[in-house]
Amino acid sequence: ARLTYKPIGDLTIGVTVAGDLNEYNGFHDNDGDGVPDDIDFAPLDKSISSEYDQAIAKLKAETTLTDDQITEHANIDVRTGLIKDATRGVDQFNIQNETSRSMVVSADISYPVIDGEKVRLDVYSHFTQILGYGSGFAAPGLRLKLGNSFSLYGEYRNATKEFMFGYFNSTYDIERAVFVTDPITNKQVAYTRQDRLADIQTTLNGYYVGADLNLANIIKAGISYQDLIGADKYHQRTLRAEAGLAQDLIPMVSELKAYYFQDNVQDFRDWKTPSTVMGVLLGYNMNGVVMGIDYRFTFKDLDGSGKIDQSNETFKTIAFRTRVSF
């Protein structure tokens, strides 16, 4: 939700509130048993969610043993290694019993120093607080716009520990909730975007710059870059780039662009990370109804090696979106 107000002339003050009522809803659960598909041994069978449960169910179906005998038989299989994971379904992470809320509030102020037909220059500042965690501040911020062809912007940024600029951004959906391997127990544990904040234990200072280009209403492109530096040479670097054709340049095609986003990484030596999103977006306009097709690549570090180097760690998805314009 966002509200803006102009107290004097073109001086604009804005307040924004954004939140996620449960980050764990980012997990997929096809069979509705509450155990996310990522850790569900049988993601399409509601009655079984672990290897141990499956062994118990098989013994009940194939033998006449008592419940105590079945349990003892399964425990023997665990000790001998026939059952690799002794976790029971009732002990697994269950999204029906867990909640992780996050909320961000922000205030901003801007003023057009130059407000011409061909040239516009805005100066702005903003302050953001992640409730229960840190805060970030940007000042000064400058945005230069030359007609409809080119815009350039940049700002100095300061952040306390446990803060991340762009918390709810274009990659939030894939980082909202994931499972990572615990290096001590070697078990899969739930890890949310909010959990990442606790890993940021240094004050950060740096800059954010970007540019947008409209080439003769044919090609549109944009790029932005952030580099924040903390203690011990800790960096938060973000790169976003997209390019495509102008809207309605091709009949019935309302949007066609390719994009690449990588958020809050230490460096860009690896172009594939869990925070990377890249793909192609195609939109068809059918008499006011826009059908968007998003062909997207995302990545997960399934083996905990710190690198995306396995074929099963690259995920290809096709998402469909519909928008009606009046």
Side-chain angles (χ1 to χ4, degrees), residues 20 22-46 48-51 85 92-95 98 100 102 164 166-183 186-196 199 236-244 255-284 291-322:
D20 187 339
N22 191 355
E23 292 177 303
Y24 294 137
N25 285 336
F27 289 127
H28 296 288
D29 178 24
N30 281 320
D31 57 13
D33 61 357
V35 179
D37 294 346
D38 290 341
I39 61 170
D40 196 333
F41 190 77
L44 298 179
D45 187 342
K46 190 173 184 177
I48 297 173
S49 60
S50 72
E51 183 182 11
D85 189 352
Q92 287 181 296
F93 177 88
N94 194 301
I95 59 177
E98 303 289 342
S100 176
S102 60
M164 181 188 302
Y167 184 85
F168 293 115
N169 59 13
S170 53
T171 64
Y172 177 77
D173 196 42
I174 64 170
E175 296 182 287
R176 182 184 182 192
V178 297
F179 280 98
V180 298
T181 304
D182 187 308
N186 205 35
K187 298 284 188 179
Q188 292 290 302
V189 295
Y191 188 72
T192 67
R193 187 68 171 263
Q194 189 173 179
D195 291 329
R196 289 189 62 187
D199 297 334
Q236 264 191 20
R237 293 185 170 104
T238 294
L239 175 66
R240 302 183 186 184
E242 59 182 35
E255 188 173 23
L256 176 59
K257 69 177 181 181
Y259 58 87
Y260 177 88
F261 303 144
Q262 190 174 167
D263 284 335
N264 299 308
V265 296
Q266 176 69 15
D267 54 55
F268 293 112
R269 285 181 296 181
D270 295 322
W271 63 278
K272 295 189 297 185
T273 70
S275 66
T276 298
V277 181
M278 63 183 191
V280 177
L281 183 62
L282 176 63
Y284 289 99
M291 173 64 75
I293 304 174
D294 190 356
Y295 189 77
R296 172 179 293 189
F297 291 86
T298 56
F299 310 92
K300 289 184 180 180
D301 182 16
L302 297 178
D303 58 6
S305 66
K307 289 185 175 293
I308 308 297
D309 52 9
Q310 304 293 328
S311 59
N312 66 333
E313 295 180 324
T314 298
F315 296 84
K316 305 173 185 178
T317 59
I318 299 177
F320 295 92
R321 291 181 262 178
T322 304

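Along the sequence shown, residues carry numbers from 1. Computed over heavy atoms, backbone and side chain alike; hydrogens, waters and symmetry mates excluded.
Summarising the geometry, atom CZ belonging to F261 is positioned 13.5 Å from atom OG1 belonging to T298; distances are rounded to the nearest 0.5 Å. The CD atom of E175 lies 9.5 Å from the OH atom of Y191; values are rounded to the nearest 0.5 Å. Here E98 contributes atom CD and T192 contributes atom OG1; the two are 11.5 Å apart, rounded to the nearest 0.5 Å. Considering CD of E242 and CG of L281, their distance stands at 9.0 Å, rounded to 0.5 Å. If you take CD on Q236 and CD on Q266, they are separated by 9.5 Å, rounding to the nearest 0.5 Å. Annotation: the span from D29 atom CG to K46 atom NZ amounts to 9.0 Å, rounded to 0.5 Å.
Nearest heavy atoms, I95 versus F27: CG2-CD1, 3.9 Å. Here the closest heavy-atom approach between residue A177 and residue Y24 is recorded as CB-CA, 4.2 Å. Across all non-hydrogen atoms, the minimal contact from N30 to P43 is CB-O, 3.8 Å. Contact between W271 and Y260 at its shortest, heavy atoms only, is O-OH, 2.6 Å.
Distance alone, capped at 3.5 Å, is enough to place a donor-acceptor pair between the Q92 side chain and the S49 backbone. The backbone N or O of N22 sits less than 3.5 Å from a side-chain atom of R176, completing a donor-acceptor pair. Formation of a donor-acceptor pair under 3.5 Å by the D33 side chain with backbone atoms of N94 is not found in this model. Remark: side-chain polar atoms of S275 are not paired, donor with acceptor, to backbone N or O of Q262 under 3.5 angstrom.
For the side-chain contact (heavy atoms from CB on, under 4.5 Å) with V189, the lone residue among I39, V178, V180, D195 that qualifies is V180.
No more than 12 heavy atoms of other residues, nucleotides or ligands lie within 6.0 Å of OH in Y284, so this atom counts as exposed by the packing criterion. Within 6.0 Å of atom NZ in K272, more than 12 heavy atoms from other residues, nucleotides or ligands are found, so the atom counts as buried in its surroundings.
Side chains of S102 and Q194: no donor on one and acceptor on the other come within 3.5 Å.
Side chains of F297 and T314 form a contact here, defined as non-hydrogen atoms less than 4.5 Å apart. At least one side-chain heavy atom of P274 sits under 4.5 Å from a side-chain heavy atom of I308. The closest side-chain heavy-atom distance from N169 to R193 is below 4.5 Å.
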Determine whether D20 and F168 satisfy the following criterion, side chain to side chain contact (heavy atoms under 4.5 Å, CB included), listing intermediate values before the conclusion.
CA-CA 9 Å; D20 187 339; F168 293 115; 4.1 Å; yes
Under the side chain to side chain contact (heavy atoms under 4.5 Å, CB included) rule, what do V280 and L256 come out as? Steps first, then yes or no, please.
CA-CA 7 Å; V280 177; L256 176 59; 4.3 Å; yes
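Partners of D294 under the salt bridge (charged side-chain N to carboxylate O under 4.0 Å, His left out) rule, at least two apart in sequence or in another chain, are R296, R321. Under the salt bridge (charged side-chain N to carboxylate O under 4.0 Å, His left out) criterion, K300 pairs with D38, not counting sequence neighbours. Y167 is linked by a ring pair (Phe, Tyr, Trp, His ring centres under 6.0 Å) to Y172, counting only residues two or more places apart in sequence or in another chain.
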